[in-house]
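Being a predicted model, the structure only gives us computed values, none of them experimental.
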Amino acid sequence: MKGVTVPNEQTAEVEKPEPQQTATVEGTKVEPDPASKPEPEQEDSTAGDELAKWKKFSRDNEKQSKANYKLYEQSQKELAEANRRVSVLELQRRHPQLTDDVMSLCSETDPDKITEWGEKYAQLNPINAAATPDTPPADDGPSAPTFGDRRDDGGKYRGATRTEEDGRKRAREIIARKRGK
């Protein structure tokens with residue numbers, strides 16, 4: 001292989017190929033075609049352009065990577081806050097004495113530790129049993145009818161002044177008047 005040498009183990013240099021020489025044919029000099037001869041400046045500039053292009057790609061990818069990491073960190077913070085809020089709401093559902101003011105005293109951020117803190121607080125401060133009696137309040141008068149016991153003993157609906165039969169009789173009279181007209 002003329003012009004190309006394998007690098008020596010001791011040196012890392014590669015010898016450049018010999019430049020093309022002019023040939024003589026029967027007394028005339030023949031120069032090689034200048035278009036086929038690569039210009040050394042063009043090779044250097046294309047190599048430099050390639051290098052610049054890849055450096056730009058590298059910088060762009062690094063910027064995108066940093067932006068993606070910031071978004072990841074932000075979403076992790078939002079997820080942690082949402083998990084904390086869910087933990088607080090579940091505690092408040094199980095223990096009504098844990099109000100928002102009470103939960104603001106909790107300095108924990110981990111949902112499991114918040115649950116532990118809330119359970120301990122609920123044991124130390126139970127709902128006042130004397131304030132909420134087990135007996136229902138006294139009946140203060142007519143209330144909205146329920147499905148099971150809608151009628152009084154007289155056959156009337158609770159709170160009504162007439163019976164069901166009175167209502168049916170009145171409906172028949174109205175229908176008869178409309179038909180008669």
Side-chain angles (χ1 to χ4, degrees), residues 4 6-14 16 38 40-164 167-168 171:
V4 177
V6 178
N8 191 349
E9 292 178 20
Q10 295 175 353
T11 62
E13 294 181 20
V14 177
K16 293 184 180 180
E41 292 177 12
Q42 278 185 337
E43 286 180 11
D44 291 342
S45 66
T46 57
D49 291 345
E50 274 295 305
L51 182 62
K53 179 178 83 170
W54 285 107
K55 283 183 177 180
K56 182 182 182 305
F57 283 153
S58 177
R59 285 189 299 270
D60 291 344
N61 286 337
E62 187 176 354
K63 286 178 187 176
Q64 185 64 42
S65 175
K66 287 179 180 178
N68 288 344
Y69 188 72
K70 285 180 183 179
L71 288 174
Y72 167 77
E73 286 179 332
Q74 180 183 0
S75 65
Q76 289 298 318
K77 287 177 185 175
E78 290 173 3
L79 177 63
E81 178 60 28
N83 285 338
R84 188 196 67 75
R85 186 68 184 146
V86 166
S87 177
V88 167
L89 291 174
E90 286 177 356
L91 272 172
Q92 288 177 334
R93 180 181 51 84
R94 287 193 309 258
H95 305 289
Q97 68 266 35
L98 297 174
T99 62
D100 287 335
D101 293 333
V102 171
M103 291 308 296
S104 68
L105 299 174
C106 179
S107 62
E108 300 293 338
T109 56
D110 183 54
D112 295 331
K113 294 191 181 210
I114 291 173
T115 303
E116 289 176 20
W117 185 89
E119 295 293 336
K120 287 179 185 176
Y121 184 88
Q123 288 175 352
L124 294 172
N125 297 313
I127 295 176
N128 189 356
T132 57
D134 293 334
T135 58
D139 191 17
D140 295 335
S143 61
T146 60
F147 290 109
D149 55 350
R150 296 189 312 186
R151 295 185 187 191
D152 285 340
D153 293 331
K156 293 189 256 179
Y157 287 107
R158 287 191 177 175
T161 57
R162 298 185 180 164
T163 63
E164 180 182 3
R168 289 180 188 211

Separation between [atom1] of [X] and [atom2] of [Y], rounded to the nearest 0.5 Å:
| X | Y | atom1 | atom2 | answer |
| --- | --- | --- | --- | --- |
| L98 | E119 | CG | CD | 8.0 Å |
| E78 | L71 | CD | CG | 9.5 Å |
| Q64 | N68 | CD | CG | 4.5 Å |

Do the non-hydrogen side-chain atoms of [X] and [Y] ever get within less than 4.5 Å of each other?
| X | Y | value |
| --- | --- | --- |
| M103 | I114 | yes |
| E116 | E108 | no |
| K55 | R59 | yes |

Can you name the closest pair of heavy atoms from [X] and [Y] and give their distance?
| X | Y | result |
| --- | --- | --- |
| Q92 | T99 | NE2-C, 3.3 Å |
| Q97 | Y121 | O-CE2, 4.4 Å |
| T115 | L91 | CA-CD1, 3.7 Å |

*For K53, which residues count as a side chain to side chain contact (heavy atoms under 4.5 Å, CB included) partner, sequence neighbours excluded?*
E50, F57

*Is the side chain of S65 donor-acceptor paired with the backbone N or O of N61 at a distance under 3.5 Å, no angle test?*
no

*Indicate yes or no for a side-chain donor-acceptor contact from S87 to the backbone of N83 under 3.5 Å, with no hydrogens or angles considered.*
no

_Strictly below 4.0 Å, N to O, side chains only: are E81 and R84 in salt-bridge contact?_
yes

*Could you pull out all residues at least two apart from K56 that satisfy salt bridge (charged side-chain N to carboxylate O under 4.0 Å, His left out)?*
D60

_Would E62 and K66 count as a salt bridge (Lys or Arg N to Asp or Glu O under 4.0 Å) here? Give the steps._
CA-CA 6 Å; E62 187 176 354; K66 287 179 180 178; 3.7 Å; yes

